[in-house]
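Working notes for the structure below.
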Amino acid sequence: MTIEVSDITPKIGAEISGLDISKPLAPEVISELRELFLRHLVLVFRDQSLSREDHKRFSGYFGELHIHPSHRSGLNKGGDPEIFVIDTPADAPRSNGEAWHSDVSCEAIPPMASLLYVTKVPDNGGGDTMFANMYEAFSELSSDLKALLMRKTAFHDGEIDLRSYGIKLRAGQEYPQASHPIITRHPETGVPLLFVNSSFTSHIEGMPRWESDMLLSGLYDFVAKNARIQCRMKWTPNTLVMWDNRCVQHQAIRDYAGFDRYGERVSILDGKPPEAA
Ligand code: SIN
């Protein structure tokens with residue numbers, strides 16, 4: 001089997017073909033995929049027929065399977081705790097992940113990657129996902145701003161995201177909160193990157209709230225409006241996309257009201273908390 005790689009943009013994303021990921025993979029194939037993953041940050045595998053066990057086996061080649069905090073906190077009962085269902089029926093008022101984010105950065109150790117397998121694509125042709133490269137976001141900042149942010153940490157609060165879906169915790173329920181450096185260093189590539197996002201980061205620690213709000217909203221805008229560092233992924237049925245959650249943010253585009261979309265996500269851990277650059 002020969003793996004073929006086609007860049008989506010020069011900065012982020014690659015389509016991988018010539019590989020059936022439902023089958024057990026040889027160690028040299030896994031190493032090649034890991035290299036491609038570190039280089040392109042987002043890998044797209046189309047026309048895959050995956051059972052939940054196949055999805056988990058493929059994910060497990062790259063890290064330990066993560067359990068979403070909604071399962072741990074009791075907000076999401078039943079089902080398979082290692083599978084995070086992203087089911088958007090035609091009449092759903094909202095879909096998951098509509099704001100730019102990295103997955104559950106409110107965890108003390110956020111997932112290193114997520115692998116989303118979409119089987120039902122909206123019939124109106126919508127439901128794309130945007131991805132943005134946070135190495136590039138950092139590298140485009142001025143040296144003065146880099147120096148300031150490198151000395152700071154930010155607080156990531158899981159309740160911000162819950163509240164945006166109208167979910168309130170009941171007595172005894174808890175959701176993760178964590179403090180992370182704003183500029184982290186990728187544990188495998190060693191490259192610095194911007195690690196704050198609008199779904200989970202509440203404030204920069206150790207500065208007046210208005211200054212924190214001003215800086216964070218500027219950074220969020222810079223990520224959202226900077227097409228140079230983004231790619232837009234158009235799903236086809238039975239596509240799995242794997243992204244590096246340590247250095248990529250993503251946003252699900254809800255432009256398909258009245259149409260269904262269905263996917264299941266597995267996230268994986270490397271056991272390493274984000275480290276300051
Ligand atoms: C997410 O993982 O945040 C959702 C992405 C998507 O549904 O495209």
Side-chain angles (χ1 to χ4, degrees), residues 8 12-13 15 37 41-46 48 50 55-56 59 62-63 65-71 75-76 79-90 92-107 110-134 156 158 160-165 167 175-176 195-201 220 223-224 230-257 259-269:
I8 299 176
I12 183 166
E15 298 256 354
F37 174 64
L41 321 183
V42 177
L43 299 183
V44 178
F45 302 85
R46 295 193 188 270
Q48 302 290 333
L50 302 180
H55 188 175
K56 288 200 267 183
S59 306
F62 306 98
L65 303 194
H66 168 258
I67 295 181
H68 195 272
S70 58
H71 276 279
L75 285 173
N76 195 349
D80 182 335
E82 290 164 340
I83 300 276
F84 184 71
V85 173
I86 300 183
D87 182 11
T88 317
R94 294 205 47 189
S95 68
N96 186 74
E98 285 181 64
W100 281 100
H101 65 286
S102 52
D103 289 328
V104 282
S105 64
C106 56
E107 297 258 48
M112 62 168 276
S114 288
L115 299 94
L116 174 61
Y117 179 50
V118 170
T119 46
K120 174 76 185 83
V121 172
D123 288 336
N124 71 343
D128 297 354
T129 306
M130 302 290 302
F131 293 94
N133 178 332
M134 292 302 108
H156 296 239
I160 302 177
D161 193 48
L162 291 185
R163 278 196 296 273
S164 76
Y165 292 97
I167 301 170
Y175 220 67
F195 195 72
V196 285
N197 69 84
S198 59
S199 291
F200 292 104
T201 313
Y220 299 156
V223 169
Q230 299 171 359
C231 72
R232 179 169 179 145
M233 219 294 295
K234 177 157 275 307
W235 296 88
T236 44
N238 305 327
T239 297
L240 180 135
V241 176
M242 168 179 187
W243 61 87
D244 191 331
N245 198 51
R246 299 164 294 190
C247 58
V248 168
Q249 289 191 29
H250 59 286
Q251 178 198 39
I253 303 175
R254 173 78 163 131
D255 57 356
Y256 55 93
F259 298 88
D260 303 330
R261 180 178 186 268
Y262 185 87
E264 296 189 347
R265 192 179 81 200
V266 172
S267 293
I268 53 174
L269 293 163

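Note that ligands are numbered from 1 as they come in the structure, with each ligand's atoms numbered from 1 the same way.
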Donor + acceptor pair across side chains of Ser105, Asn197 (<3.5 Å) = yes
Are side-chain N/O atoms of His156 and Glu107 paired as donor and acceptor at under 3.5 Å?
-> no
At a 4.0 angstrom heavy-atom cut-off, ligand 1 is contacted by Ile86, Asn96, Gly97, His101, Asp103, Leu116, Thr129, Trp243, His250, Ala252, Arg261, Arg265
Side chain of Ser198, backbone of Trp100: donor and acceptor closer than 3.5 Å?
-> yes
Salt bridge (Lys or Arg N to Asp or Glu O under 4.0 Å) with Asp128: which of Arg261, Arg232, Arg254?
-> Arg232
The salt bridge (charged side-chain N to carboxylate O under 4.0 Å, His left out) partners of Arg265 (sequence neighbours excluded) come to Asp103
Any sub-3.5 Å donor-acceptor pair from Gln249's side-chain atoms to Val196's backbone N or O?
-> yes
